[in-house]
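What follows is a set of notes on a single structure, which appears directly below.
What you see below is based on every heavy atom in this structure, not just the backbone, and it leaves out hydrogens, waters and symmetry mates. Computed from a predicted structure; not experimentally measured. In what follows, chains carry the letters A, B, and so on, assigned in the order in which the sequence lines appear, proteins first and then strands, with residues in each chain numbered from 1.
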Number of protein chains: 2
Amino acid sequence: MAPSSLPEGQPALRPRRLVIAGMEGCTGCAVCEVRARGICSALNDQELEQLARAAVRVTMPPGRVFVEEGAKADAFFNITAGTAKLFKSLPDGRRQITGFVGVGHFLGLAVSDRYAFGAEAIDQVKVCRFSRERLEMVVEEFPRLERRLLSEAANELVAAQEQMLLLGRKTARERVASFLYEQLLDGYGNDIPSGAKLHFPMTRADIADFLGLTVETVSRTLSGLRRDGLLAMGAGHEISVMAPARLQAIAKGEEG
Amino acid sequence: MAPSSLPEGQPALRPRRLVIAGMEGCTGCAVCEVRARGICSALNDQELEQLARAAVRVTMPPGRVFVEEGAKADAFFNITAGTAKLFKSLPDGRRQITGFVGVGHFLGLAVSDRYAFGAEAIDQVKVCRFSRERLEMVVEEFPRLERRLLSEAANELVAAQEQMLLLGRKTARERVASFLYEQLLDGYGNDIPSGAKLHFPMTRADIADFLGLTVETVSRTLSGLRRDGLLAMGAGHEISVMAPARLQAIAKGEEG
DNA sequence: AGACTGCAATGATGTAAATCAACCCACGCA
DNA sequence: TGCGTGGGTTGATTTACATCATTGCAGTCT
């Protein structure tokens, strides 16, 4: 299916640059940069070739909404580059970002025939796009894929429960600390050095909508953490975490 | 495995009555009351017999914590009677209930080897208990089960995203309305009559911990909805919904 | 019957975070 | 060179909800 049939929704936020979408540069799944990650890691080279025939490679500019809340759910996506945000909205514009998803993430599981959430590219995002039918065919052929999808779903479920705890019961300070610490784990694994640097592709507004706060509160809370010597702000939206252990303690709610 | 090996955690809230746990009254999966629901519906009678051999039937009194947050995740549960609450806690006692689960619900999917959440019986709960290894064996034998589990997980994920929107962005009134409306859908399906009655097994404190509010706010908000003619309180914690459509509008955030 | 206990409702007061409002800075563009 | 625009920060004020405190009421144990 051609990229032009993607759900467009609102136009890209910054449609100045010409959009180049398609399969440029993709020489097949076997040499794909996410070969070892996500669902693809469940298959061997030969099986991947099958998968490749079912997929279309698409490139999205920042701001492009490529899954529309409530739209017909006829495609699945596997992210191969960039970061996207998933969200749900209320009629008056209130928005909750349910997750930021990066390379290797599989996206599109739906209960009904409609997407229950929207997805928007934050930076330039590349995806492998599967039609529902074609994915079903491949899954039918390789049951191992199903196990892989189940394990992905279980992972997301655990993350979602953690986020419910954050949204329902944590203070602003705890929320921001949790977010930062999660980012540290993503970037550094379990061994986080003092002074670890973080760089965010998303805006303060996105962070606020993820944490159930306002931009102002996020900004103030970050300033507070800086004043307390936990963080240091660098150039170009870079944040250094001076005291990862204290940050974690705050995130877990162990500090007043 | 004998019921005595269940994680006990804190003792049951009301340990006055003698606990009778075991397989009493269970004559096999084929005639089980949840035969047609949850994961069991994916199997035929013959396959169910296999499943039966892997399961232990256990009965839990109200208040019993049968999954302990952070404990070794060596068992799965399928609820065959009653209602349980799933929750996550902070060290200082703050608690977020991530869901109420009833008959047919499958429970225990974990990422690591530890449960990321706790589970507690609200009323008398009966479950089919599977050890991790035995469930894996059965799944290995009947891949259809895996598909079923995936679909369960996808369902829960959608519910979790909806709950994140509620916790992050809805007002107290909208949260309570959402909860009540969800309960209506469970009980009546899509066609809800004016005056539809609801009965809750959980306390106000549970509802508060589910909605990210305090008991007082839940109580006040219910009173408010009653004053506005949307609800009528009956005897024995029964609530009648006089205006389901307006309730839904509030739940969706369409009303100031 | 009287006392105790768990749960719910309601009132008075406090507060964390939202809202409203400036202001700054970096960037692209005329 | 100046202007517009999209972030981001900070301050003053408001507010929705939490907290603290009291009361009522239905079970159930003695």
Once you round it to whole Å, what is the distance between P of D:dT19 and CG of B:Leu213?
-> 11 Å
Side-chain N or O of A:Thr214 less than 4.0 angstrom from OP1 or OP2 on C:dA18?
-> yes
Report which part of the nucleic acid A:Arg226 touches: base, sugar-phosphate, or nothing (heavy-atom distance under 4.0 Å, all strands).
-> sugar-phosphate
Is there any protein nitrogen or oxygen under 3.5 Å from a nitrogen or oxygen in nucleotides 22-27 of chain C, and what are the pairs?
none

How long is the line joining CD of B:Glu238 and C1' of C:dA8, in whole Å?
-> 17 Å
Can you tell me how far CZ of A:Arg246 sits from CD of A:Glu255, rounded to the nearest 0.5 angstrom?
-> 4.5 Å
B:Met233 has an atom CE; how far is it from atom C1' of D:dC25, in whole Å?
-> 16 Å
Separation of B:Arg94 atom CZ from D:dA18 atom C1', in whole Å?
-> 13 Å
Does the gap between the ring centers of B:Phe200 and B:Phe179 come in under 6.0 Å?
-> yes
D:dG8 phosphate, OP1 or OP2, under 4.0 Å from A:His237 side-chain N/O | yes
Provide the closest heavy-atom pair for B:Gln163 versus B:Phe210 in the form atom of the first, atom of the second, distance.
-> NE2-O, 3.0 Å
Report the distance from atom NZ of B:Lys170 to atom P of D:dA16, rounded to the nearest whole Å.
-> 18 Å
Would the B:Phe106 and B:Phe76 ring centres measure less than 6.0 Å apart?
-> yes
What nucleic acid atoms does A:Gly212 come within less than 4.0 Å of, heavy atoms only: base, sugar-phosphate, or nothing?
-> sugar-phosphate
Between C:dC7 (P) and B:Asp123 (CG): distance, integer Å | 14 Å
Does a donor on one side chain and an acceptor on the other come within less than 3.5 Å for B:Ser178 and B:Lys170?
-> yes
When the ring centroid of B:Phe117 is compared with that of B:Phe87, is the distance short of 6.0 Å?
-> no
Shortest non-hydrogen separation from B:Met242 to B:Ser194 and the atoms involved = O-OG, 2.6 Å
What is the distance, rounded to the nearest whole Å, between atom CZ of A:Arg227 and atom P of D:dT10?
-> 7 Å
Members of residues 215-223 of chain A that approach DNA chain D, where some heavy atom sits under 4.0 Å away = A:Glu216, A:Ser219, A:Arg220, A:Ser223
Flag if over 12 foreign heavy atoms under 6.0 Å of CG, A:Asp191 = no
Let me know the distance between CG of A:Leu225 and P of D:dT10, rounded to the nearest Å.
-> 12 Å
Regarding B:Gln124 and B:Thr59, is there a side-chain donor-to-acceptor distance under 3.5 Å anywhere?
-> no
